[in-house]
Amino acid sequence: MGAYVIRRIGQMVPTLAGVMLLIFVLFNTVGGDPALVLAGKITNKEQIENIRKQLGVDQPYHVQLGYFAFEVATGFTCTWRSFTAKPEAPKSDGKAEAKADPKVDAKADPKAAAKQAQPSGCQAVRSWATNEEVPMILATRIGPTLTIMIPVLVLETILAVLLAIGVAYLRGTLTDRMIMAICTVAMSISFLVYIIVAQYYFGFKWGMFPVQGWSDSFIKNLLTYAPLPIMLAIFVGLAPALRLYRSFFLDEINNDYVRTARAKGLSENKVMLKHVMRNAMIPIITNVGIALPSVFVGSFLLETFFSIPGLGREILVAVNRSDFPVIKAATIYLAILTMVINLAVDVLYKAIDPRVQFK
Amino acid sequence: MSAVMPTTSAAPLHQLSPGLWTLAWRRLRKDRVGMVSLVIVGFFLLLILGSYTGLVAKDWSKEVGVSYANPTFMAGAENLEAKQAGAKQTKSEVPYVDLSDIDPLAPKYEEWAKRTAEIKITEVQRAETLPFGGDKWGRDVIQKAIKGAETSIMVGLVAAFLATVIGTILGAISGYMGGRVGDFLEWFYNIFTSIPYILLILAFAAVFQSSPALAEYKGIPMVVAILAFTGWTGIYRLVRAEYIKHASREYVKAAQAIGASHSRRMFVHILPNVSHVCLVQLSQHVVQFIKAEVILSFLGLGVPVDSVSWGTMLAEAQSELVIGKWWQLVAASISMAVLVTAFSMLTDSLRDALDPKIK
Amino acid sequence: MDKLLEVSNLDVKFRLDGGSIFDAVKGISFDIPRNATVALVGESGSGKSVSAMSIVRLLPAEQAIISPKSKISFNGTDLLTLPDADMRQIRGKDISVIFQEPMTSLNPVFTCGDQISEVLRLHMGMTPKQAWARAEELMNEVGIPNPKLRMQSYPHEMSGGQQQRVMIAMAIACEPKLLIADEPTTALDVTIQKQILDLIAKLQQSHHMSVLFITHDLAVVGEIADQVVVMQHGEIKESGEVRQIFEAPQHPYTKALLACRPNVESRPRRLPVIEDFMSEAGLRPEHHEQRRRGYEANDDIVLEVRNLSKLFQLKDGLFKKREVAAVKGASFKLARGKTLGLVGESGSGKTTVGLTLMRLHSASGGEVLFDGVDLLKLSEKEMMKYKRRIQIVFQNPYASLNPRFTVGQILLEPMKIHSIGKNEQERVQMAMALLKRVGMPEVSFYKYPHEFSGGQRQRIAIARCLTMKPDVLICDESVSALDVSVQAQVLNLLQDLQDEYRMSYIFISHDLAVVKYISDQVMVMSNGEVVEVANADDIYLNPQQEYTRKLLGSIPKGWDGAKAA
């Protein structure tokens, strides 16, 4: 197993390199000149030149790629520029950056200036919009996202598995077909509609839950702000999960070993709950494994509607503001996380599927 | 069927037996749910063809009614907004929308307000009620929903078609060739799948939106491109697996034995045997992409504000609901839900009809 | 004799997709005496498995309709009207079943020990500990070496033969009165088949149970059955004592089944087929005259293979690669107009030899001399003109024809690729003529493969090869998937074509009787190595190698074997 894990980690290197390349190509070439994006409405040529220098985009592509690789390697906690810079950073750069984005809060300005004036060393990559350190942004936003998404994932999986066994048991009956039809219809209504309507009725009109908001207390968040978004996410996620898991159960039911189990004289319940269940759990766990990385992105729609300061909302804000450093960092972080989760799921397989061999 | 006389003459008797496609069609014909879904989908396709050619919903952008004109069936309801129209912006009445910093529409409000004001002057005669109500500018909601359907369905169809083509070609090459080429494509695939899907879409959206080079393609072509470039991976994986399976089948080996070239084996022999998988995937992705387009447009990352899609309608409807104007929400939600339900059920029926296992 | 099970008027219909009804079993009646083995014999679609599954009520409830007139009485109780809960008490305890595919019939995620002890806990009221201990004894009894360790093994860690032994252990665990064995040896190699048959026969005696043995192969039946029931198209054609069935069969179908299958003892010029028994004319002299076979000194050698080897590379551990030799230095000669038989068990490398010498796999070493030219050294382009001269017919008739092509397209394609025939018209004519030659009506030209039976598809596959007039035809288990009666027809066709076109065959099969019948020379392979090559009669009468003797000893000999014993 050790050898397997090591080889899999080895295989991640080219994939990660590819992700970096994709991100670099997207943001540094397809997206146009990053300096112009950052400059926004500034048209002063000199200033733009300055920004270009600041960002390092005056360099040839391979050098820029090198800068980016360095940032990735340090987890965006250190830019190549700050790493190599002389103790005193040129002040004009700071100004240019601060001015660069018109959307920057006035409050952020002095802060940024103050930070710039600090003695140099390693400096984290900063948001173009708020000048906050990107690793800090992502670290502070992950909490609210997980507060919503972990309960969603756990409850939804349990509910979907239980219901799926039920409908698989009733396969072919009218009840089964009705439930499947309801699922199809439920899946056809946009998530947006569910959120808009639920927020209007449960929050605005009937006042059962706060319309939106978030606090600093985890308990308060979980008990007052989170329930409505959590229930919405489960409600919307249940139909597709139920359909999928039902198909996993049905795939298993047609296997020869089920016939053997019946030939042994086992009751239908035992056949389903022991023999079929154990086999169907394999694709179900795969599926949960696939869904896991997107938990960390959270449901950006829910976070947006309910003003939850989570990762999804942050990324969406960054997209709307063309705040490239945040998007780039989030993408790289989550790609690494996805790869690690995939590896963990594959290792977990061994525990549930004895046929799996680490090759 | 008429009897076919055996003959030694070379004149081909074009009395071919039904092929697998014909048989699948016969099975589909017997599937009542499938046929009803097909009729509904066909109706929508005709409708959008009509709206595309200007036969229906030509005047969707004409402001024919008063602001928030009541639906005809509730003509008596009070319409405060119509009375106040022009005198005051309704925007301030939206109590909870704290989206100011991220609301993609924010910069547009001013422009709309101006436009509303201009129109006020040139306005001649406006209807008090419209069949299913009017929007803020007094546009007919039914016509808007039809035009919105055109945009959303077009985006879904074209993007799904492109994604299927990309996924099929890459999957075919990777699955059939294997070896170095296969490894390279697997690497490429791994890059795309190690980034959570939502994040991938947002990253592409961020870059495409800000790219000056792509500025002229903003709107529908850009949404199509974003969805197609990020959505091919699932199809790739399936097609690749099918190609691996078929490449080792005896009929392909037999083709190799008689000297058929690689391209002949790939496209003449295997492709028709895999095409049903592609068709079902195409159909599934249309549904998926229509839903994605609605969300993207809602967030302001999709079609531009001056055109209409179900997504932009929902975006407007969110604030309308609070002031009790529910018709735009209902029109967009219902029309979308009907189409998507029908399309999903058609997909299921299609899969059943095409899947040789069901025989 | 005391009857354990009485089946009377069993009638089973299946609801098919699209509303049609298929009569699977048409009102059959038969008995199973206590402490005896009854064999239910029939070809595919005869309804034999459906009948057996009706006894334990394991037919898919949504599709199967059992007529209310049917009755299955077991020890005096009617199984068909028994409540589900009572039926479950009988299943696995009084009546147990073993199936054809041991690999898929065992649950892959539970250990063998779990699966055997489960049934003991269920029916014998044992504690987990007792059940485990008893399961271990059972593993020992069915001949699994090192049972203590094997209890912890998962099914995929065992060979097919051992998996079937686990199934048997599970089936006999509760001392059933009736064991239903549904083609239990069909998926196994011939030497393993022999062992499993012996085991079932032994257990039948020692556990005093009755066995209902379902098979398509009469030869297997002779040695283990007391009574035989022959089924065709859902009806019983004949039933009786095993001696009577083999020595004095009454029904033409039974006679045909006995005569269609080639046996090691005789080699008629032509194999009789069912029609010969059904028709007025009866058997002709050619069905009795013997054919002489064997290489002779003055044979013209068309293909010579020297030291052919094939390595497969497997990934193993970190960056390591392991090489597995599928074929290790095989050498043989093929004479014009003669047949070389290639026999061996699964994994012996016999199929790889065939695929490698025609370059469907790349060889790892050796020479393939065809008319003096080494095919392995040719470029892809130079190989083109040799491709049409060596052709292959595969095993699975359902997979070897492209389902999206009409038979016409299938036949025209090779001619187009190799520019055979002046124009389309001539090619169509040639294809039509070939269809006729392989015994297919010309209308087939316009049909799709799914409209044909397995035997017909195999004829089409043969016609496809014939379009190129090959010198060498490789038959890779080409008749193995066919019912015996159809198998005889295809073997006759192959023989006729060889006589007519003087083609050389490489006939690959695991079935030693068929190979003996069709081959001039036989090559025995095991684990990638050639064990023995000799003329067919010599190898069967006078095997030189231990492995060959073991293989030959495992051939089911039907009634002759039973008589000898």
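Owing to the predicted nature of the structure, the values given are computational and were not obtained by experimental measurement.
Only the side chain of A/L301 comes within less than 4.5 Å of a heavy atom of chain B; its backbone N, CA, C and O stay farther away. No part of B/I334 comes within reach of chain A, as not one of its non-hydrogen atoms sits under 4.5 angstrom from that chain. Looking at B/L329, only its side chain comes within 4.5 Å of chain A, counting heavy atoms on both sides. In this structure, chain A has no heavy atom under 4.5 Å from any part of B/F188. No part of A/F296 comes within reach of chain B, as not one of its non-hydrogen atoms sits under 4.5 angstrom from that chain. For A/V297, the part lying under 4.5 angstrom from a heavy atom of chain B is the side chain only. Interface remark: A/L26 contributes backbone and side-chain atoms alike to the contact with chain B (heavy atom separation under 4.5 Å). Both the backbone and the side chain of B/L202 come within contact range of chain A, judged by heavy atoms closer than 4.5 Å.
A cation-pi arrangement is present between A/K328 and A/F68 under the rule of less than 6.0 angstrom and at most 45 degrees off the ring axis.
Between chain A and the options B/I195, B/L214, B/L321, B/V338, heavy-atom pairs under 4.5 Å are most frequent for B/L321. The candidate with the highest count of non-hydrogen atom pairs below 4.5 Å against chain A, out of B/N190, B/L339, B/V33, B/I295, is B/I295. Note on A/V197, A/L334, A/I327, A/L337: by heavy-atom pairs under 4.5 Å with chain B, the leading option is A/L334.
For A/S215 and A/Y225, the side-chain atoms include no donor-acceptor pair closer than 3.5 Å. Remark: the A/T304 side chain and the A/R313 side chain contain no N/O donor-acceptor pair separated by less than 3.5 Å.
Listed for the B/S211 side chain is a donor-acceptor partner under 3.5 Å among the backbone atoms of A/V30.
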Requested in this report: Check step by step if salt bridge (Lys or Arg N to Asp or Glu O under 4.0 Å) holds for B/D348 and A/R243.
Outcome: CA-CA 12 Å; B/D348 288 350; A/R243 267 178 67 107; 3.0 Å; yes
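Using bins of under 30°, 30° to 60° and over 60° for the plane-to-plane angle, the ring pair B/F298/A/F305 lands in the parallel bin. Ring-plane geometry between B/Y189 and B/W232 is classed as perpendicular, the angle between the planes exceeding 60 degrees on a 0 to 90 degree scale with a lower cut at 30.
Ion pair B/K144/B/E316 flagged as a salt bridge, since at least one NZ, NE, NH1 or NH2 atom sits closer than 4.0 Å to an Asp/Glu carboxylate oxygen.
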